[in-house]
Each structure stands twice: as C-alpha cells, then as structure tokens.
Amino acid sequence: MLDSKLIEENMLEVKKKLDSRGAEFDFDQFSALDLGRKEIIKKVEELERERNLGSKKVGELMREGKKDEAGALQEDMKQLSSQIKDLGELRSKAEEEFRNFMLTIPNLPNDSVPQGKSEEDNKEIRKWGEPRKFDFEPKDHIELGSTLDILDLDRAAKITGARFALYKGLGARLERALINFMLDLHTNEHGYKEILPPFMANTDSFIGTGNLPKFEEDLFKIEDTNYYLIPTAEVPVTNIHRDEILKESELPIKYVAYTPCFRSEAGSYGKDVRGIIRQHQFNKVELVKFSNPDSSYEEHESLTENAERVLQLLGIPYRVVVLCTGDMGFSSAKTYDIEVWVPSEETYREISSCSNFEDFQARRASIRYRPSEGGKTRFVHTLNGSGLAVGRTVIGILENFQESDGSVTIPEALVPYMGGVTKISN
RNA sequence: GGAGAGGUGGCCGAGUGGUCGAAGGCGCUCGCCUGCUAAGCGAGUAAGGGGGUUAUUCUCCUUCGAGGGUUCGAAUCCCUCCCUCUCCGCCA
C-alpha cells in the first residue's frame with residue numbers, strides 16, 4: 001500500500017510512476033475518497049468529544065445527588081449518541097472504501113528501474129557461465145525424465161490432473177537433495193534462519209503481501225474457510241512479523257524457508273504446457289528479509305547474490321536481468337530475475353525472482369521497527385527471492401549435464417546430498 | 001469432538017459501569033549517587049488516526065483478542081467469532 005500523504009503531496013510524480021508500469025490511477029477518485037473520509041472523521045470526533053464531556057458531567061451530577069439535572073443531560077446525550085452511531089456507520093464505510101481503493105494500487109517503481117512496457121524491455125545485468133556446446137542433439141527434461149524413469153507426468157495426471165508431477169527414484173532423491181543443499185547453503189554460509197511455515201495462510205496474510213484482494217483467481221482456496229494454499233513461502237514468512245514492532249538492532253532479519261507452492265495459474269493456459277516448467281504444485285526455497293529502509297537496496301543486491309550462489313555451486317549457466325517498469329509484479333519496487341540456461345529451448349528461463357518491496361508490504365501488514373535513538377516507529381522494508389525454484393533447478397541439471405547416452409551427471413556439490421550417487425542412468 | 005478457565009501496554013500482572021489509556025512489578029531511557037561493578041534514589045517510557053504548527057510544543061478521537069449489542073457512559077454487562085491453557089475422548 002502506498003502512503004496516502006505521499007500521494008497527496010506528490011500527485012504528479014506518483015501518476016507518472018504508476019503510468020510507467022501501466023497502472024491506472026484515478027486521482028480524482030482518490031481525492032474524493034480521501035477528503036470525504038477526513039471530513040466525516042472530523043465531524044464524528046467533534047460529536048464524540050461532546051458526548052465524552054457530557055457523560056463525564058452526568059457522572060459528576062449523580063455523585064453530587066443532582067438527579068434531575070443528570071436526567072436532563074442524559075436525554076440530550078441520548079440524542080447525541082444516536083447521531084454518533086449513524087455518522088459512525090458512514091465513517092466506517094468511508095474508511096473501508098478508501099482502504100479498498102488503496103489496496104488495489106500497485107507499488108511505485110524505484111528510480112533505478114528501467115522504463116519499459118513488457119518483458120522485451122528488461123535489461124540484462126550480468127551473465128555467469130558458458131552455455132555448453134553439445135556434440136549431440138540435447139534432449140529436453142521431459143524425455144530425459146521419462147527415459148531415466150525419474151519423472152512420470154502421465155501418472156501424475158491420472159492421480160491428480162494436468163500440471164502435476166510425480167518424481168520417482170533418483171528423481172525424487174534429486175528434488176530432496178536440492179532442497180537440503182539450498183537450505184544448508186543459506187543457513188550455514190549466508191546467515192539465514194530456517195523456517196518451516198504453514199502451507200496455508202489466511203486472508204489477512206495474503207492482503208499483507210499484496211496477493212489479495214486483486215489476485216484471488218491465482219490461488220487455491222480451501223472450502224468453508226478463509227485459508228488459501230500458499231503460492232510461495234513469501235506469504236507465511238513475511239507475515240511472521242505482521243502487526244509487530246521490531247527493534248532496529250534486530251534488523252536485518254533473514255529467513256529461509258522450503259515450502260511447496262500452489263498456483264492455479266489462471267490466465268496462463270496454453271503457456272508452457274509441456275513438462276514441469278509451469279506446475280500447479282512445485283517446491284521452492286525462499287529467502288525473505290526484513291530490512292532497515294536505509295540499507296534495503298544493499299540487502300537486495302546481497303539477496304540476489306545469495307540466490308545466484310546456488311547456480312554457481314551447481315555450475316549451471318545463468319543470467320540476471322532487471323525487470324522494467326512494465327513487467328514488475330504488483331508489490332515490487334525493483335525486481336531482478338535470475339534465469340537459467342535451458343539447452344533444449346536454447347534460451348534462459350526464470351528460476352528466481354528477487355524483489356525489494358520497500359515499505360509496500362510493511363504498510364499493508366503493519367510491520368514496523370523502533371529506531372534505536374527512540375522516536376516514532378517506522379515501516380521496515382521487506383525483500384524476498386527464490387533461492388531457488390527446485391523443479392526448475394532440476395530442469396537445469398537434467399538438461400545441462402546430460403550425456404550422449406541419455407545419462408545425467410550429478411554436480412559435484414550435490415553428490416553428498418545424493419548419497420554418493422554421481423550419475424543417473426538406466 | 002466434550003467439559004472448564006482465560007486473552008489487558010515491550011514482558012508479567014491488578015482492575016466487575018464514571019475520577020481507567022489503565023495500579024504494581026520487570027525491562028528500557030535519562031539524571032543523581034557510590035573507588036569499579038552491583039545495589040540504591042529520582043524522572044520518563046503504548047500504538048494508530050484527525051486538527052493545528054510544521055522545528056519543537058499543542059489538541060482531540062480511537063484502541064484492554066475481533067466484531068456486534070445494552071447504556072448518557074463499557075477493560076468491566078450481553079451475544080457471535082477467533083485464539084491460548086487444563087482435563088477427557090480420538091489420532092499420525
């Protein structure tokens with residue numbers, strides 16, 4: 001959520017920034033809602049003040065034994081009270097309307113974000129590793145997975161439906177190895193605390209991160225509850241500190257969490273239908289930070305580097321792009337995507353998205369800190385990034401490290417996690 | 001699932017209709033004091049919103065799990081929901 005005072009004071013700049021990301025913003029509606037809200041607050045509070053004074057007076061008169069006077073005053077206050085009640089309803093309505101309006105406005109892009117309309121305008125920042133030159137026709141992960149009998153999409157479809165995966169044998173082991181490898185790396189070497197959160201979260205949590213109220217169709221909802229399956233660990237982990245006031249000395253707080261992720265992928269039909277690129281359920285290790293606002297952009301860089309480190313240790317080529325204003329997610333102020341090289345497609349595919357949300361989520365979720373030198377509380381900055389999406393890492397390993405005989409070499413760093421297995425073959 | 005007890009400030013905890021945004025304690029901050037440390041003494045210490053000033057000061061409203069109700073007035077009485085604890089049942 002944006003700061004309404006900031007909008008009032010910088011309307012032109014806000015409009016320009018929202019335009020740059022292709023978002024509509026009706027400033028007239030904003031002003032009308034904001035002014036209407038303030039006006040009614042003023043009225044209600046005046047009446048409440050009158051009532052408080054009157055009620056106090058009634059108490060005094062009663063104690064002094066002036067029953068008649070007290071009774072008369074009570075009658076007046078009765079009138080006032082019902083007036084306050086009516087106005088109070090209008091007030092709640094006005095405040096709710098205003099909040100609902102504010103909840104649908106996306107975050108403002110940071111000034112360092114390149115202008116652009118779509119994916120096409122994203123800018124490559126850096127590349128790591130050389131895509132391998134194959135002296136044979138490389139297979140895609142679907143063929144490799146089924147030939148090696150480690151990935152069975154047909155049976156997954158039977159069990160559940162399209163866009164689910166069944167891993168078997170060393171395939172299942174590989175998924176588990178990667179999860180453990182990533183968690184160990186981030187906890188032991190990058191200083192994150194491991195979290196295992198619930199895989200469902202309630203409405204308030206989803207509002208906090210910005211998934212609701214606008215993107216409900218992307219989620220799986222649990223019937224007869226206000227719970228949804230999480231589409232990423234970002235939701236439960238960011239909400240760990242919802243409605244809390246942290247100490248400045250605790251910052252930055254760094255969490256890493258493995259969770260399955262559930263996405264209905266509404267609106268993506270026809271896209272990436274083959275294989276395990278886009279699934280309704282996938283595993284992900286997520287990095288989340290709560291940062292001092294003054295250093296959140298340094299934290300953003302280091303978080304991205306922490307995620308990249310996984311691919312470096314595995315030896316998979318990748319590149320980092322900064323998303324342009326038009327391609328960023330709703331809550332983000334700046335996002336780097338990490339993309340792995342996928343030989344069968346001869347292109348880079350997203351494997352991690354690392355974002356700084358500044359105070360956008362913190363304001364929605366009310367996550368604040370008290371400055372060490374005292375004074376008013378401030379909103380923290382929240383950040384997160386995949387470190388990494390596990391299924392897509394499997395694709396990277398299968399496709400990049402395949403041999404001409406259809407076997408796959410396990411990256412050295414992963415061998416201990418595979419129980420010493422160095423190769424998957426028939 | 002059944003029975004009971006509870007949810008109060010950073011924490012513990014008192015408070016059953018008005019002088020309660022809330023005793024007391026702990027913690028924290030500042031000052032004093034004492035060779036040092038500890039102890040002691042004194043003062044301060046919730047958040048959000050509106051108005052005013054915009055540097056500070058000021059003022060009003062709201063908030064005692066959430067929402068609704070009774071009342072001139074609710075932390076306190078009533079209803080619904082959520083959560084925690086104890087016992088019983090069930091269970092990986």
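Every chain is numbered from 1 and lettered A, B, ... according to where its sequence line falls, protein lines coming before strand lines. The model shown is predicted, which means the values in this text are computed figures rather than measured ones.
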Next on the checklist: Just to verify, what does A:E308 make a salt bridge (charged side-chain N to carboxylate O under 4.0 Å, His left out) with, not counting sequence neighbours?
Outcome noted: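 Applying salt bridge (charged side-chain N to carboxylate O under 4.0 Å, His left out) to A:E308 gives A:R126.
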Checklist entry - Can you name the residues that form a salt bridge (charged side-chain N to carboxylate O under 4.0 Å, His left out) with A:E119, not counting sequence neighbours? => result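 Here no residue qualifies.
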Checklist entry - Going by the side chain to side chain donor-acceptor pair (under 3.5 Å) test, which pairs reach into residues 41-50 of chain A, not counting sequence neighbours? => result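 Listed once each, the pairs would be none.
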Item to check | Inter- and intrachain pairs under side chain to side chain donor-acceptor pair (under 3.5 Å), touching residues 227-240 of chain A, at least two apart | outcome: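 Sorted pair list: A:E216-A:Y228, A:T232-A:K284, A:E234-A:Q361, A:E234-A:N384, A:N239-A:R242.
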Checklist entry - Do any pairs count as a ring pair (Phe, Tyr, Trp, His ring centres under 6.0 Å) and have a residue in residues 42-98 of chain A, sequence neighbours left out, and if so which ones? => result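 Passing the test, one end in residues 42-98 of chain A: A:F30-A:F98.
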Checklist entry - What does A:K43 touch in the nucleic acid at a heavy-atom separation under 4.0 angstrom: a base, only the sugar-phosphate, or nothing? => result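 If one applies the 4.0 Å heavy-atom cut-off, A:K43 turns out to touch nothing in the nucleic acid.
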Rounding to the closest angstrom, what is the interatomic distance between [N] and [M] at atom [atom1]?
N	M	atom1	value
B:U63	B:G68	P	11 Å
B:C82	B:G10	P	26 Å
B:C79	B:A39	P	49 Å
B:G4	B:C60	C1'	44 Å
B:G73	B:C77	C1'	13 Å
B:G44	B:U56	P	23 Å
B:C87	B:A46	C1'	37 Å
B:G25	B:A14	P	15 Å

Item to check | Results of side-chain hydrogen bond (donor to acceptor under 3.5 Å, both in side chains) for A:E75 - residues two or more places apart only | outcome: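 A:E75 satisfies side-chain hydrogen bond (donor to acceptor under 3.5 Å, both in side chains) with no residue once adjacent residues are dropped.
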Item to check | Partners passing side-chain hydrogen bond (donor to acceptor under 3.5 Å, both in side chains) against A:D111 (at least two apart in sequence or in another chain) | outcome: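 A:D111 satisfies side-chain hydrogen bond (donor to acceptor under 3.5 Å, both in side chains) with A:K17 only.
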Taking OP1 and OP2 of [N], is either one under 4.0 Å from a side-chain nitrogen or oxygen of [X]?
X	N	answer
A:T377	B:A46	no
A:S366	B:G48	no
A:K5	B:G49	no

Next on the checklist: Salt bridge check, A:R99 against A:E95: does any charged N sit closer than 4.0 Å to a carboxylate O?
Outcome noted: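 Judged by the 4.0 Å cut-off on N to carboxylate O distance, A:E95 and A:R99 do not form a salt bridge.
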Next on the checklist: Less than 4.0 angstrom from a charged side-chain N to a carboxylate O is my criterion; do A:E265 and A:R163 meet it?
Outcome noted: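 A:R163 and A:E265: not salt-bridged.
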Once you round it to whole Å, what is the distance between [atom2] of [N] and [atom1] of [X]?
X	N	atom1	atom2	answer
A:M1	B:G48	CE	P	13 Å
A:E244	B:G65	CD	C1'	15 Å
A:R370	B:G9	CZ	P	14 Å
A:E39	B:G51	CD	P	11 Å
A:K247	B:C11	NZ	C1'	10 Å
A:R363	B:G48	CZ	P	12 Å
A:R368	B:G10	CZ	P	10 Å
A:I40	B:G49	CD1	C1'	15 Å

Next on the checklist: Please enumerate all residues that pass side-chain contact (heavy atoms from CB on, under 4.5 Å) together with A:S55, with sequence neighbours excluded.
Outcome noted: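 A:S55 satisfies side-chain contact (heavy atoms from CB on, under 4.5 Å) with A:R51 only.
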Checklist entry - Heavy-atom contacts under 4.0 Å between residues 194-208 of chain A and RNA chain B, which residues? => result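 Nothing qualifies; none.
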Checklist entry - Taking A:R21 for the side chain and A:M328 for the main chain, is one N or O donor matched with an acceptor at less than 3.5 Å? => result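 At least one qualifying donor-acceptor pair exists.
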Item to check | Donor-acceptor under 3.5 Å (A:S264 side chain, A:E217 main chain) | outcome: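 Yes; at least one donor-acceptor contact below 3.5 Å.
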Pairs: protein N or O with nucleotides 16-23 of chain B N or O, under 3.5 Å:
unit_1, atom_1, unit_2, atom_2, d
B:G18, O2', A:R63, NH2, 3.3
B:G18, N2, A:S55, O, 2.5

Item to check | Full working for side-chain hydrogen bond (donor to acceptor under 3.5 Å, both in side chains) between A:D28 and A:S31 | outcome: CA-CA 5 Å; A:D28 292 337; A:S31 293; 5.6 Å; no
Checklist entry - B:A47, B:G49, B:C72: which one has an atom nearest the side-chain heavy atoms of A:I41? => result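 Among B:A47, B:G49, B:C72, the one nearest the side chain of A:I41 is B:G49.
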Next on the checklist: Can you identify which nucleotide, out of B:A47, B:G50, B:G69, has its nearest atom closest to the A:R37 side chain?
Outcome noted: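 Looking only at heavy atoms from C-beta outward on A:R37, the closest nucleotide is B:G50.
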Next on the checklist: Please verify the inter-ring angle class for A:F101 with A:F25; under 30° counts as parallel, over 60° as perpendicular, anything in between as tilted.
Outcome noted: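 Tilted: the ring planes of A:F101 and A:F25 meet at 30° to 60°.
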Checklist entry - Where each residue is assigned the nucleotide of RNA chain B containing its nearest heavy atom, which of A:I245 and A:S92 is assigned the position nearer the 5′ end? => result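 Nearest-nucleotide comparison on RNA chain B picks A:I245.
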Checklist entry - Taking the six-membered ring of A:Y255, is the NZ or CZ of A:K193 close enough (under 6.0 Å from the centre) and on axis enough (within 45°)? => result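 Relative to the ring axis of A:Y255, which defines the angle, A:K193 lies outside at least one limit.
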Just the atom pairs and distances: protein N or O near nucleotides 58-61 of chain B's N or O, under 3.5 Å.
unit_1, atom_1, unit_2, atom_2, d
B:C61, OP1, A:N52, ND2, 3.2
B:C61, O3', A:E48, OE1, 3.1
B:C61, O2', A:E48, OE1, 2.6

Checklist entry - Where are the stems of RNA chain B, defined as at least 3 consecutive Watson-Crick or wobble G-U pairs with both distances under 3.5 Å? => result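 Looking at RNA chain B, the stems formed by three or more consecutive pairs are B:1-7 with B:82-88, B:10-12 with B:24-26, B:27-32 with B:40-45, B:46-51 with B:58-63, B:65-69 with B:77-81.
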Checklist entry - Near A:K247 NZ, under 6.0 Å, is it more than 12 heavy atoms from other residues, nucleotides or ligands? => result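 Open: at most 12 neighbouring heavy atoms sit under 6.0 Å from NZ of A:K247.
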